Amino acid sequence: AQKVTQAQTEISVVEKEDVTLDCVYETRDTTYYLFWYKQPPSGELVFLIRRNSFDEQNEISGRYSWNFQKSTSSFNFTITASQVVDSAVYFCALSEAGNTDKLIFGTGTRLQVFP
Amino acid sequence: EPEVTQTPSHQVTQMGQEVILRCVPISNHLYFYWYRQILGQKVEFLVSFYNNEISEKSEIFDDQFSVERPDGSNFTLKIRSTKLEDSAMYFCARNGPTQNTEAFFGQGTRLTVV
């Protein structure tokens, strides 16, 4: 069965600190996709990244980076030099290929960045 | 890429009333989805819609829910007889134009049942 676990319910940091959000997933499929979404206080879901199960290369986009490790079924998200605007709830999600592409979300991690 | 647009942004309804939530407009996309997020909780899959029919639905999507594309572009979610526990943010999403691409979400409709 599919499952996504985000064990950290809330993280608070001070601006400019680095922060890592953890995501652990479960799936029986060999082909799957992992996602991160940001939900700011305004409520919309903002797409951040999508990775497929065959691509374990880490990815960096500005202050954001992602570490995908199949050996530990993890897809962690790091924000470097955090800013107040990074304050939001971050969701990790999983979809299995050939399964209508529905997303299974984790419970989210609320990140608060204080000035 | 055009974003998914949902209307209304907020709807208040009395318990037992029918509500229709809309995605407007959508074209040339493959899959459409409705998700629900009860306040402070995770986002939950409700239903996926492909080629003008339901391709998968969750256990949440019971007989009081229905989806359709009445005019080939608008994608609607109908809740026939709302309950207090239906109060949530409802998100429409699409992916495509090919399978296994990222899902883009609308801004959501906040439904409040009183």
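In what follows, chains are A, B, ... by sequence order, proteins preceding strands, each numbered from 1. As the structure is a computational prediction, the values presented were derived from the model and not from experiment. Computation of the quantities below employed the complete heavy-atom set of this structure, encompassing side-chain atoms and omitting hydrogens, waters and symmetry-equivalent molecules.
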Let me see the working for Leu103(A) and Val43(B) under side chain to side chain contact (heavy atoms under 4.5 Å, CB included), right down to the final yes or no.
CA-CA 9 Å; Leu103(A) 293 172; Val43(B) 180; over 6 Å; no

Honestly curious: do Phe35(A) and Phe45(B) fall in one hydrophobic cluster under the side-chain, below-4.5 Å linking rule?
yes

Which value, rounded to the nearest 0.5 Å, describes the distance between Gln37(B) atom CD and Gln39(A) atom CD?
4.0 Å

Taking the inter-plane angle between the rings of Tyr37(A) and Phe105(B) on a 0 to 90° scale, is it parallel (under 30°), tilted (30 to 60°) or perpendicular (over 60°)?
perpendicular

Answer yes or no: are there more than 12 heavy-atom neighbours, outside Glu85(B) itself, under 6.0 Å from its atom CD?
yes

Using the rule that two of Ile, Leu, Val, Met, Phe, Trp, Tyr join whenever any of their side-chain heavy atoms come within less than 4.5 Å, decide whether Tyr35(B) and Val4(A) are in one cluster.
no

Is it possible for you to say whether Ile11(A) and Leu48(A) belong to one hydrophobic cluster, with membership spreading through side-chain heavy-atom contacts below 4.5 Å?
yes

Which heavy atom in Glu44(A) sits nearest to a heavy atom in Phe91(B), and how many Å separate them?
CA-CE2, 4.3 Å

